Amino acid sequence: MKQLTYLNLSYNNLHGDILGAVRNLKDLSHLYLESLNLNSVLDVNYLFTLKNLEVLVLSYNNISFTKSFINSTTSKLAYLMLDSCSLIEFPQFIGYLSKLKWLDLPHNRIQGIIPRWIWNNSKESLSSNLLETTLLVPPPLVTVYNISNNFLFGEVPTSICGVSSLTMLDLSNNTLNGTLPPCLGSIGPMILLNLARNEFDGMIPHVYPDVCALRMIDLRENRLNGIVPRSLGNCEMLEYLNLGDNQINDTFPFWLSGLAYLKVIGLWSNSFHGPIESNLSQLNFTSLHILDISNNNFNGEFPSNLLKSCHAMNVMVGQDELAYLDIIKSLHWTNASLGISMIYAMKLMNKGTKREYAKIPDVLMAIDLSNNKFEGFIPELTGDLKSLRMLNLSNNLLNGSIPPSLANLTVLETLDLYQKNLVGEIPHQLAHLTFLSVFDVSHNCLSGLIPHGTQFDTFGSSSFVMNNGLCGSPLPNKCTNGENAPSPPSYFKVDNEEECLFNLDWRIVLVGAGVGFLVGIVIENLIIDEKKMWFLCCSKKMAKGWEKVRKGLADKKICS
């Protein structure tokens with residue numbers, strides 16, 4: 001088939017000299033040999049005989065290349081994919097591919113430094129290797145530079161801002177340090193900036209007006225300080241902002257509400273402070289899926305308006321297809337296209353620990369306000385966030401009761417209300433939350449019978465401990481009138497009923513004392529002295545009995 005131009009043999013169990021078998025296909029432009037279980041040394045000379053070959057995919061094979069080959073600068077090879085090929089060094093023939101635009105080498109075992117000759121017009125992806133070197137700046141025409149998951153050290157040179165075509169820069173999971181070049185915010189076409197899990201310090205660079213095309217900014221787990229630059233509000237296409245686990249000292253960046261496409265806000269484990277509710281009256285987080293502001297110093301009234309503004313959480317999300325929050329960039333060439341998907345990642349508190357979500361499902365809606373100093377009641381409007389799957393309000397200064405409206409969160413999977421001051425009963429309606437797998441109301445002042453049925457029968461005693469008024473399974477203390485007895489009255493009812501009981505007690509004592517006094521006078525004149533002495537003795541015993549009843553009622557305590 002001498003005129004064949006496109007051949008895809010991927011995902012088979014082939015072996016032998018594959019390149020030798022296709023060397024006569026002179027018109028071949030696209031060759032896909034991905035995941036063939038190859039385990040061999042490939043002869044590079046066969047590649048150079050395919051004069052029209054533009055795309056070669058050899059990813060997910062165990063291969064190496066011959067080191068002796070005929071130099072050929074006439075090759076049209078522009079896209080070379082060698083992902084997960086067990087390579088231990090950079091293939092030398094790459095330096096002779098003068099038309100190379102895209103080189104994919106992640107998830108290999110390449111060590112040492114990056115040779116200069118590899119930069120010949122390539123758009124590199126060298127992530128997940130064993131490179132131990134300082135960061136080398138790619139040529140000006142590189143569009144995607146992914147060198148994450150290596151052992152890079154040192155500072156990021158300011159010359160990287162001269163890579164004027166850069167659209168994606170991923171330096172995450174290295175040991176890079178120093179301050180970030182201020183010019184990073186001036187790279188116009190860049191849509192993704194991922195510098196997570198390094199050792200950067202200093203301020204977050206400003207973004208220049210009318211330049212920012214960023215859709216993803218991930219700076220988590222560094223040592224950045226200062227404030228969140230107000231200029232990030234110029235990034236109108238921003239979808240993902242994660243500044244978690246740094247040393248940022250600022251108030252809540254309320255101006256983020258103006259970013260219509262923002263889906264993820266991660267501000268956890270910083271030094272954010274001050275109230276939120278009083279400063280936020282008109283918010284419009286149209287597309288927000290995840291809000292994590294945990295482990296900060298926010299205080300003041302519970303931020304009801306912030307929750308109310310999360311409009312995407314008010315609508316149930318379809319679950320027909322499993323999709324993830326990501327950026328897909330398409331690179332096109334003749335008769336084919338390459339989709340590069342940069343998937344958003346996030347750490348979220350789940351089951352008491354921060355869990356790494358390498359992929360964020362599109363249906364995942366989460367709010368984490370834990371470990372702050374918010375005060376007041378949990379508002380009923382929280383039940384309007386119908387698509388919410390994770391809600392963590394633990395370790396704040398909230399009080400009042402658990403709103404029954406939380407039962408409207410029908411897809412809720414995690415509910416953490418570990419507090420100090422919540423009172424009243426656990427709403428029995430929560431037993432209808434059939435997706436609930438994590439539930440914690442421990443260390444509060446709750447009372448009454450623990451709901452039963454569906455998911456509640458799966459929760460252990462740790463979900464309910466340190467609530468002296470709770471009774472029923474799985475706690476050892478049983479309800480006084482049996483498992484099916486009605487729960488004790490809530491905190492607010494107890495106050496009134498207690499007062500009524502005291503009033504009734506004193507009336508009984510007074511009436512009883514008055515009647516006893518009159519009866520005593522009458523009888524005193526009718527009975528003999530011995531009988532009188534006997535009656536007085538009995539009267540004193542009765543009076544002591546009433547006094548014990550009165551003191552018993554007065555000593556009743558409630559959790560406050």
Side-chain angles (χ1 to χ4, degrees), residues 10-11 31-39 42 55-65 77-95 97 100-139 142-153 156 160 163 166-176 190-198 216 218 324 326-331 336-345 356 358-359:
S10 299
Y11 304 101
L31 178 58
Y32 295 84
L33 303 175
E34 183 176 354
S35 297
L36 295 182
N37 294 319
L38 294 180
N39 188 7
L42 301 182
V55 178
L56 176 61
V57 179
L58 288 167
S59 299
Y60 301 98
N61 287 292
N62 186 14
I63 58 175
S64 60
F65 298 93
L77 192 59
Y79 299 88
L80 177 60
M81 311 299 169
L82 299 173
D83 188 348
S84 303
C85 288
S86 301
L87 297 173
I88 60 175
E89 62 182 0
F90 291 100
Q92 293 183 2
F93 74 93
I94 294 174
L97 301 176
L100 191 63
K101 296 180 180 179
W102 184 276
L103 172 62
D104 209 18
L105 284 170
H107 306 102
N108 283 286
R109 296 179 292 170
I110 302 173
Q111 303 183 44
I113 63 174
I114 305 173
R116 292 284 179 181
W117 51 259
I118 207 171
W119 293 125
N120 292 343
N121 300 316
S122 57
K123 282 67 175 173
E124 306 296 318
S125 178
L126 306 174
S127 64
S128 302
N129 280 283
L130 303 173
L131 300 174
E132 297 183 52
T133 182
T134 56
L135 181 65
L136 291 180
V137 177
V142 166
T143 58
V144 177
Y145 191 26
N146 182 356
I147 196 166
S148 60
N149 296 287
N150 281 287
F151 299 96
L152 303 182
F153 56 87
V156 177
I160 197 167
V163 187
L166 201 60
T167 60
M168 294 187 179
L169 177 62
D170 191 345
L171 309 179
S172 61
N173 295 289
N174 283 288
T175 55
L176 297 167
M190 188 157 60
I191 63 173
L192 179 146
L193 177 63
N194 189 351
L195 307 178
R197 291 175 174 158
N198 280 283
M216 174 181 178
D218 194 345
Y324 297 96
D326 60 8
I327 293 176
I328 298 178
K329 177 178 174 60
S330 295
L331 301 179
S337 64
L338 170 66
I340 307 165
S341 179
M342 305 299 289
I343 297 177
Y344 300 149
E356 179 73 28
K359 297 180 178 181

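Model, not experiment: these values are computed from the prediction. Heavy atoms only: backbone and side chains are in, while hydrogens, waters and symmetry mates are out.
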Report task. Enter the distance from Q92:CD to F90:CZ here, rounded to the nearest 0.5 Å. Result -> 12.0 Å
Query raised in the report: Which residues satisfy the side chain to side chain contact (heavy atoms under 4.5 Å, CB included) test with D83, sequence neighbours excluded?
Result: S59, Y60, D104, P106, H107
Query raised in the report: What pairs with E89 under side chain to side chain donor-acceptor pair (under 3.5 Å), at least two apart in sequence or on another chain?
Result: K67
Query raised in the report: Stepwise, does the side-chain contact (heavy atoms from CB on, under 4.5 Å) test hold for I110 with I88?
Result: CA-CA 4 Å; I110 302 173; I88 60 175; over 6 Å; no
Report task. Say whether, by atom type as modelled, one donor and one acceptor occur between the side chain of D218 and the main chain of L192 under 3.5 angstrom. Result -> no
Query raised in the report: Hey, does W102 have a side-chain heavy atom less than 4.5 Å from the side chain of L77?
Result: no
Query raised in the report: Which distance, rounded to the nearest 0.5 Å, do you find between the CG of L87 and the OG of S64?
Result: 8.0 Å
Report summary line: Nearest heavy-atom approach of M168 to M190 is N-CG, 4.5 Å
Query raised in the report: Sequence neighbours excluded, which residues qualify as side chain to side chain donor-acceptor pair (under 3.5 Å) partners of N198?
Result: none
Report summary line: Between L36 and L33, the two heavy atoms sitting closest are CG-O, 3.6 Å
Query - Gap between atom CG of L58 and atom CD of E34 - 0.5 Å precision - result: 9.5 Å
**Report entry** Partner of L152 under side-chain contact (heavy atoms from CB on, under 4.5 Å), chosen from L135, I114, T134
**Finding:** L135
Query raised in the report: What pairs with T175 under side chain to side chain contact (heavy atoms under 4.5 Å, CB included), at least two apart in sequence or on another chain?
Result: F153, E199
Query - N173: side chain to side chain contact (heavy atoms under 4.5 Å, CB included) partners, not counting sequence neighbours - result: N149, R197
Requested in this report: Report the residue from I160, N194, V156 that forms a side-chain contact (heavy atoms from CB on, under 4.5 Å) with L169.
Outcome: I160
Query - Heavy-atom closest pair, residues I63 and L82 - result: CD1-CD2, 4.4 Å
**Report entry** Partners passing side chain to side chain contact (heavy atoms under 4.5 Å, CB included) against N62 (at least two apart in sequence or in another chain)
**Finding:** N39, S86
Query - OH-CG distance between Y145 and L136, expressed to the nearest 0.5 angstrom - result: 6.0 Å
Query raised in the report: Atom OG of S172 and atom CG of N150: how far apart are they, to the nearest 0.5 Å?
Result: 10.0 Å
Query - L171 versus N174, closest heavy-atom pair with distance - result: O-ND2, 3.1 Å
